[in-house]
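One structure is given below, encoded as C-alpha cells.
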Amino acid sequence: MLQVTGIPDACDNLAPIPMECDAPSLPIKGELPRELNGTLYRNGANPQFASPNAHWFFGDGMLHAFRLENGRASYRNRWVRTPKWLAEHAAGRALYGEFNLKLPDAPRSAPDDGNVANTNIVFHAGRLLALEEAHLPIEIERDTLATRGYCDYGGALKGPFTAHPKIDPVTGEMLFFGYNAAGPLKRTMSFGAIDASGHVTRFEYFKAPYAAMVHDFIVTENYVLFPILPLTGSIWRAMRGRPPYAWDPGKGSYVGVMKRTGTTRDIRWFRGDACFVFHVMNAWEDGTKIVADVMQSEEAPLFTHPDGRRTDPEKGRARLCRWSFDLAGNTNAFKRSYLDDISGEFPRIDERRAGLRSGHGWYACASPETPMLGMLTGLVHVDGNGHRRARYLLPTGDTIGEPVFVPRKPDSAEADGWLLTVIWRSCENRSDLAVFNAADIAGGPIALVQLGHRVPDGFHGNWVAAG
C-alpha cells in the first residue's frame with residue numbers, strides 16, 4: 001500500500017484519498033446479476049500533494065477498477081504514473097501549481113510535462129487509455145492498472161487528445177480532436193480517426209473562430225460537430241496574471257459542422273448566443289437536420305469572467321437541452337431548446353446507439369432543494385424526446401457519480417441492462433458501487449458493492465466486458 005502525506009482530511013467528497021489499495025472480495029448488499037462480467041473503470045482527480053491555487057480539474061489522475069464476476073466483486077485503485085506524478089513522488093512534495101505549471105522553486109530537472117491523465121478511461125482496439133484533454137493518451141495495463149506510458153500510435157499522433165473520443169458502434173472507428181493543438185491558448189485544433197484495429201487513418205488541423213476550452217464534441221453517423229463556446233483562452237490575459245480561461249460571452253457560440261467523409265476545410269460554422277456545454281448525451285441525423293442533446297448552462301460554471309468575477313451559480317446550472325442544425329436551410333443559426341428544468345451532469349446513453357437515434361438516456365441530477373455543484377444526488381432517465389421517464393434521489397447528504405450503461409447481452413434491446421455508478425455515503429464516509437436496473441431506476445439499486453473507504457467525486461469511466 002502506498003501512503004501519501006500533505007493532503008488535507010476529507011471534509012466533503014472532493015478531498016483526495018491518500019492510498020492505493022486492493023480489495024479482492026467485497027461485501028455485496030442485494031445480488032449482483034450473474035451476467036455482469038467485466039470491469040468498471042473510473043477516473044478522477046486525486047492530488048498526490050496539496051498544491052497552491054489548486055483547481056479540482058487539475059489533480060493527479062487516480063483510476064478505480066471494480067471487477068464483477070459471477071456475482072462477486074473486487075476493487076483496485078492506482079494513480080496514473082505520469083511524468084508529473086513521478087517527479088513529485090521522488091521529491092516528496094508538490095512541484096506544480098495552477099494549471100499544472102512548474103512552481104518557481106521546482107528543480108530544473110523536473111519535467112515541463114504537467115499531464116495528470118485524470119478525466120476519462122476508455123478501451124479501444126485492445127488498449128486501455130487514461131485521458132486528459134491537454135496531452136496524449138496514456139496506456140494502462142487492464143488487470144494491474146500499471147502505467148505503460150504515452151500512446152502515440154507509432155508517432156502518428158501529436159499534441160493534445162480529447163478526454164471524450166467517440167467510438168462508432170457500427171465500424172469500431174474512434175474519432176477524436178484536440179484543442180491548443182499549436183500551443184497553449186491558441187485557436188488551432190486537431191481532428192483525427194483511429195480504426196477498429198488501432199491504426200491512425202487521419203490526422204489534420206484547422207483553426208477555430210477563437211481559442212476556447214473544448215471539453216466534448218459531437219459525432220453522428222455522417223457528421224462531426226465542434227462546439228466552440230466562449231470559455232475563452234487568452235495568452236494576453238495569462239501574461240498579465242489574469243485568468244487564462246474565462247467566461248467571455250461577447251464572443252458568442254460557434255458550432256462547426258463537417259462531413260465525416262470530408263475534410264476540415266469543409267467545416268460550416270453555425271452561430272448562436274453565448275452558452276456553455278461540458279458534455280454531450282447523444283446526436284443523430286433527422287433528414288437534413290442534425291439533432292444533439294447536451295447538458296447546457298447559460299454561463300460556464302467553475303470559472304470566472306476575464307476580470308476575475310465569478311460567474312453566476314444559477315446561470316451555471318446545466319440542464320438537458322436540444323440543439324438543432326438545419327443543413328438545408330439558408331441560415332447558419334442553430335436552435336436551442338431546454339427539455340427539462342432539473343440540474344444535472346454526466347449524461348450517458350446505451351453506447352450501441354452512439355451517433356444514432358436513441359430512445360433512452362440517463363444523467364446524474366441535483367435535488368431541487370440543494371445547490372448543484374458538488375451535490376449531484378440522484379439519477380434521471382429520459383426517453384428519446386428528452387421527456388423524463390423516472391428519477392431516483394439519494395438520502396440527504398449522499399452524492400452520486402456518472403452512470404454507465406451495461407447491456408444485458410451484446411444483442412439485447414436498447415436499455416435492456418444495468419446502470420453502474422459510484423455513490424458516496426456521507427454519514428459513513430465511504431462509497432458503494434450501485435447497480436440499477438436501467439429501465440427502472442426509480443426502484444433503487446438492485447445491488448450495492450460496499451467499499452470500506454470512499455472514492456472521491458470524479459469524472460468519467462467505462463465498462464469493459466470480460467474476455
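Note: hydrogens, waters and symmetry copies are ignored here, and every other heavy atom, side chains too, is used.
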Side chains of Glu414 and His360: donor-acceptor distance under 3.5 Å anywhere?
-> no
Scan side-chain atoms only and decide if Arg348 and Asn462 contain a donor-acceptor pair under the 3.5 Å cut-off.
-> yes
Find the distance between CG (Asn222) and NZ (Lys259) and round it off to the nearest 0.5 Å.
-> 8.0 Å
Looking only at side chains, do Gln296 and Tyr338 share a donor and an acceptor under 3.5 Å apart?
-> yes
Parallel, tilted or perpendicular: ring planes of Trp323 versus Phe325, cut at 30 and 60 degrees = perpendicular
State the CD-CH2 distance between Glu298 and Trp247, to the nearest 0.5 angstrom.
-> 8.0 Å
Below 4.5 Å, heavy atoms only, C-beta onward: do Met375 and Thr399 meet side chain to side chain?
-> yes
Any Lys/Arg nitrogen of Arg408 or Asp416 sitting under 4.0 Å from an Asp/Glu carboxylate oxygen of the other?
-> yes
Among side-chain atoms of His64 and Tyr75, is any donor-acceptor pair under 3.5 angstrom?
-> yes
Is NZ or CZ of Arg265 both nearer than 6.0 Å to the six-membered ring centre of Phe206 and within 45° of the ring axis?
-> no
NZ/NE/NH1/NH2 to OD/OE distance under 4.0 Å, Arg317 and Asp341 | yes
Should we say atom CZ of Arg268 is surrounded by more than 12 heavy atoms from elsewhere, each under 6.0 Å from it?
-> yes
For the atom pair NE2 (His124) and CD1 (Ile194), what is the distance rounded to the nearest 0.5 Å?
-> 6.5 Å
Arg202 and Glu204 ion-paired at < 4.0 Å = yes
Taking the six-membered ring of Phe405 (Phe, Tyr or Trp), confirm whether the NZ or CZ of Arg352 is under 6.0 Å from its centre and within 45° of its axis.
-> no
Partners of Lys166 by salt bridge (Lys or Arg N to Asp or Glu O under 4.0 Å), sequence neighbours excluded?
-> Asp216
May I ask you to decide if Gly61's main-chain N or O and Asn118's side chain share a donor-acceptor pair within less than 3.5 Å?
-> no
At what distance, to the nearest 0.5 angstrom, does CG of Asn100 lie from OG of Ser51?
-> 7.5 Å
Polar side chain donor-acceptor pair, Trp418 to Glu35, under 3.5 angstrom | no
Any side-chain donor near an acceptor of the partner, Trp424 and Asp12, under 3.5 Å = no
Should the pair Arg260-Asp168 be classified as a salt bridge under the 4.0 Å nitrogen-to-oxygen rule?
-> yes
Counting only N and O atoms by type, is there a donor-acceptor contact under 3.5 Å from the side chain of Arg237 to the main-chain atoms of Pro243?
-> yes
Side chains of Trp362 and Ile441 in contact at under 4.5 Å (non-hydrogen atoms) = yes
Name the orientation class of the two ring planes belonging to Phe303 and Tyr245 (parallel below 30°, tilted from 30 to 60°, perpendicular beyond 60°).
-> perpendicular
Between Phe161 and Phe176, what is the ring plane arrangement, given parallel below 30°, perpendicular above 60°, and tilted in between?
-> parallel
Does any non-hydrogen side-chain atom of Phe66 lie less than 4.5 Å from one of Thr39?
-> no
Proximity of Phe226 and Phe191 rings by center, below 6.0 Å = yes
Lys/Arg N to Asp/Glu carboxylate O, Asp312 vs Arg310, below 4.0 Å = no
Distance-only side-chain donor-acceptor flag, Tyr179 / Glu133, under 3.5 Å | yes
Are the ring centres of Tyr153 and His199 closer than 6.0 Å?
-> no
Asp293: side-chain contact (heavy atoms from CB on, under 4.5 Å) partners, not counting sequence neighbours = Met281, Trp284, Val291, Leu320, Arg322, Leu339
Partner residues of Tyr254 under the side-chain contact (heavy atoms from CB on, under 4.5 Å) criterion, sequence neighbours left out | Pro209, Tyr210, Ile228, Trp269, Arg271
Arg319/Asp340 ion pair, N-O < 4.0 Å | no
Heavy-atom donor-acceptor pair, Glu221 side chain to Gly355 backbone, under 3.5 Å = no
Rounded to the nearest 0.5 Å, what's the gap from OG on Ser324 to CZ on Arg336? Could you check?
-> 13.0 Å
Ion pair Lys409/Asp411, N-O distance below 4.0 Å = no
May I ask you to decide if Ala439's main-chain N or O and Asn437's side chain share a donor-acceptor pair within less than 3.5 Å?
-> yes
Does the side chain of Pro445 reach to within under 4.5 Å of the side chain of Tyr392, using non-hydrogen atoms?
-> yes
Under 4.5 Å between any side-chain heavy atoms of Glu139 and Leu129, yes or no?
-> yes
Between Thr119 and Glu132, do the side chains contain an N or O donor and an N or O acceptor separated by less than 3.5 Å?
-> no
Answer yes when Lys84 and Asp60 have at least one side-chain N-carboxylate O distance shorter than 4.0 Å, and no when they do not.
-> yes
